[in-house]
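This is the structure, below, for whatever I ask next.
Atom set for the values below is all heavy atoms of this structure, side chains included, hydrogens, waters and symmetry mates excluded. By convention in this document, chain letters (A, B, ...) are assigned in the order of the sequence lines, proteins followed by strands, and residues within each chain are numbered from 1.
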Amino acid sequence: MTDSPGDPVTRRQLRDGTTITIRPIRPGDAPLERAFIGALSEESRYLRFQKWVAAPSDNLIHFLVDIDHARHVALVCTRETAAGEELVGEARYGTGPDGTDCEFGIMIADDWRKSGIAGLLMDALIRAARARGLKRMEGLVLRTNGAMLRFARALGFRTEAFPGDATIVRVVKEL
Amino acid sequence: MTAPDMRAQVLACIKAIAPEFEASDLRTGRPLRDQVDLDSMDWVNFFAALGERLHMDIPEPDYAKLVTLEDLVAYLETRPRRTS
Amino acid sequence: MFRAAERPPVLHKAGADRRVAPHLSDYAATRASFSWDAIRRELLGPSAGTVNIAHLAVDRHAAGAQGERTAFRFLPASGAARDVSYAELARLTNRFANVLAALGVMKGERVFVLCGRIPELYTAVLGGLKRGAVVSPLFSAFGPGPIAMRIGIGAGKVLVTTEALYRRKVEKVRAEMPTLEHVILVSDDGTPTAVSGTHDFGALMAAASDRFNCEPTRGEDMALLHFTSGTTGRPKGAVHVHGAVVTHYATGRYALDLHAGDVFWCTADPGWITGTSYGIVAPLLHGVTSVVDVGDFDAERWYSILEQQQVTVWYTAPTAIRMLMKAGPELARKRAYPALRFVSSVGEPLNPEAVWWGKDVLGLPIHDNWWQTETGGIMVSNYAALDIKPGSMGLPLPGVDAAIVERGPAGAPLRFVTEPGVEGELVLKAGWPSMFRGYLNEEERYRKCFREGWYLTGDLAKRDADGYYWFVGRADDVIKSAGHLIGPFEVESVLMEHPAVAEAGVIGKPDPVVGEMVKAFVSLKKGFEPSEPLRMELLGHARKRLGAAVAPKEIEFKPALPKTRSGKVMRRLLKARELGLPEGDLSTLEPES
């Protein structure tokens with residue numbers, strides 16, 4: 001575990017003028033991450049974790065926040081508010097056993113859909129994966145999650161059937 | 001086995017399938033399935049568990065006759081035990 | 001009896017299978033000449049404009065020569081059958097419509113009915129429709145949680161239930177249903193009920209007139225609300241209109257082949273849409289006699305009903321058929337069913353063995369058909385006059401256009417699959433009369449079900465070179481148990497309410513009888529250890545909240561649920577491990593901690 005992972009911190013201005021920051025997640029982000037997931041709609045949480053997640057458990061927060069930044073990489077998108085930093089999106093991947101491919105997951109605050117941050121997060125995540133020498137990124141998307149499938153295609157992912165489970169579509173991109 | 005023992009065995013089998021069931025809520029002479037929330041699958045599983053516990057064969061055609069707890073206890077007392 | 005594997009792929013019909021000439025004998029010709037407008041004119045006559053399901057089902061026959069014909073024959077758990085004629089049903093439902101009017105129930109307001117298959121249920125549903133109220137029958141095996149949630153979503157004003165069900169399932173959650181103004185209790189033993197905050201059904205009925213002017217509802221007025229489970233969130237209330245009756249009439253004729261003089265037995269509970277569309281509406285539209293078994297499934301009892309009631313057309317479900325198969329052929333052969341002419345099944349795909357079992361044991365093959373809560377009526381079916389391909393759901397009804405598509409991302413055009421045998425999503429051309437008109441208060445969810453004028457069913461299927469459709473699976477992870485949809489989400493959320501539970505994952509475990517059985521995997525919070533008493537406590541908690549029909553049948557403790565490296569829970573993997581199947585590509589799996 002390292003407190004200063006190598007991925008860059010970038011600040012961007014969105015179309016509507018809001019300034020956001022994309023940076024690696026830190027162990028100290030636990031309260032922000034908890035508030036972020038807690039505020040997601042049930043449906044968003046379901047689409048991300050593919051099960052029912054109520055208030056996120058300590059285990060889940062630990063899994064999401066306390067990572068090695070080598071095999072498990074996570075980037076967050078935050079903005080400054082009067083009350084301090086607020087987390088509005090995150091994207092992450094975990095590396096497979098042979099060290100050449102990874103599986104990603106992304107969550108965006110319900111009010112921040114279509115703001116453009118999902119694309120910024122994924123671009124940064126793909127750069128991070130390439131920087132670590134990974135050759136392939138994939139995601140497991142619920143077949144009913146049309147918005148995510150469209151988004152993945154726009155990012156250059158191709159879709160494949162997932163053997164043994166008709167409810168899931170695998171999206172794959174060579175890096 | 002005495003009738004109260006048999007009754008206790010039956011109640012234990014219900015409880016294993018429907019743990020929310022309270023024996024104290026049971027009213028004498030009323031159909032069991034009106035008082036315990038058991039669907040068809042639970043009902044079949046209940047008889048299977050009962051047969052297992054009491055080492056008895058309870059043929060499916062007999063289920064229909066076994067409406068109340070009292071019916072069931074009286075019926076079970078007449079059934080032979082499996083020897084093995 | 002030989003194994004299904006040795007059976008031919010097509011079950012050919014012989015002349016003996018058609019003692020009564022089926023309504024549909026030439027599929028292509030009937031399809032070509034069919035029009036919904038013609039059926040509508042035939043059913044509604046010149047009175048087009050006003051359409052009321054209860055009027056068409058009951059009053060239309062009650063007034064004429066059919067009035068003394070038995071509409072329902074109720075078979076109680078024990079004791080004598082009770083026959084209700086069309087004329088008596090008209091009076092009973094008039095009384096109940098007056099009861100609702102006296103309670104201030106207005107057109108469009110919601111009346112929920114939570115009863116076993118007792119006569120009062122049928123009176124309440126049809127009487128409610130006469131009043132112009134929107135009726136929602138709920139399955140009596142639901143627990144307090146699902147009941148309160150559905151009445152809440154539907155803004156129920158009136159609930160009709162029995163005293164026993166009220167005490168067990170409603171009383172404690174009544175505060176969760178602020179819209180509920182009136183609860184009407186049916187007595188369990190014939191003596192009037194006296195429960196504070198409720199009315200007695202018998203007393204209200206006795207005080208009401210048996211004359212009522214049926215509400216002149218229009219075809220697009222909401223009539224029935226049936227709930228169905230989705231993958232996420234709350235159950236969806238599918239809205240059905242009075243005009244749906246045109247589909248019920250047409251499918252009663254072409255899919256169920258109802259003829260005057262038939263004795264029809266639909267075994268479904270009206271808490272599910274099959275038990276309403278075909279357990280109440282369709283047979284009454286055709287003026288036939290319906291058998292209603294108040295008791296629960298029992299193999300011997302069912303065979304005796306088929307024999308003694310001289311059932312001619314039987315509409316049942318794969319789960320029941322498989323339970324009969326399990327009970328052995330000897331039980332069936334103790335009796336004879338010379339009156340039986342047509343057997344049909346719905347709820348989940350009927351396995352070929354079951355189709356052939358019908359032929360061997362009852363002397364009649366079983367005709368599978370396919371539809372959903374959203375479609376309101378049968379859409380794809382096997383027919384009395386046509387050959388069956390066992391395992392197939394059959395051919396689309398006349399008036400129904402079906403296709404297989406690749407959905408692709410939202411916004412992209414549908415790609416129609418024309419090659420035979422290629423899997424895709426089953427879609428139906430929108431516009432048949434019983435199509436649902438909305439999910440109550442969920443416009444967005446409804447809109448997402450349609451694209452380019454097609455209804456997307458969420459069921460994966462394929463079509464063979466002869467046009468027969470074959471079910472493949474669900475496109476989402478809704479569990480189908482005993483023909484009913486159960487949302488894993490609804491079950492997981494209730495398990496998560498328990499203080500010991502850290503994580504819950506729910507799957508449909510394949511089961512030879514009920515299709516899929518609800519199984520829950522649970523990991524515990526720190527400080528809790530797996531134990532038999534805790535497992536029982538969780539099971540009891542889930543059953544108390546959800547009821548036997550929805551709650552898991554099995555709960556298994558796991559140190560952690562299998563997740564992908566990004567933290568997604570893999571139901572597929574829970575299932576594969578449960579069944580000892582190959583786990584497939586696990587490169588994405590997070591090692592279990």
Legend entry - Interatomic spacing from CG in L561(C) to CZ in F49(A) - rounded to 0.5 Å: 13.0 Å
Legend entry - Pairwise side-chain contact, L140(A) with T564(C), heavy-atom cut-off 4.5 Å (strictly under): yes
Inset, instruction - Pick whichever of G94(A), S41(A), A74(A) has the most heavy-atom pairs under 4.5 Å with chain C. - result: G94(A)
Legend entry - Minimum heavy-atom distance G96(A)-R565(C), with the two atoms named: CA-NE, 3.7 Å
Inset, instruction - Hey, could you give me the OH/CD distance between Y46(A) and E492(C), rounded to the nearest 0.5 Å? - result: 7.5 Å
Legend entry - More than 12 heavy atoms from other groups under 6.0 Å of CZ on R415(C): yes
Legend entry - Crowding at NZ, K544(C) (>12 non-hydrogen neighbours, <6.0 Å): no
Inset, instruction - Counting only heavy atoms closer than 4.5 Å, note whether L60(A) contacts chain C via side chain, backbone, both or neither. - result: neither
Legend entry - Euclidean distance, E43(A) CD relative to R234(C) CZ, rounded to 0.5 Å: 13.0 Å
Legend entry - K525(C) atom NZ, neighbour heavy-atom count above 12 within 6.0 Å: yes
Legend entry - Side-chain heavy atoms of F489(C) within contact of E42(A), under 4.5 Å: yes
Inset, instruction - Might you confirm whether atom CD of Q13(A) has over 12 heavy atoms from other residues, nucleotides or ligands at distances under 6.0 Å? - result: yes
Legend entry - Reported CD-to-OG distance for the pair E103(A) and S566(C), which is rounded to 0.5 angstrom: 3.5 Å
Legend entry - Interatomic spacing from CG in D58(A) to NZ in K526(C) - rounded to 0.5 Å: 7.0 Å
Legend entry - Atom group of E503(C) that falls short of 4.5 Å from chain A, counting heavy atoms: both
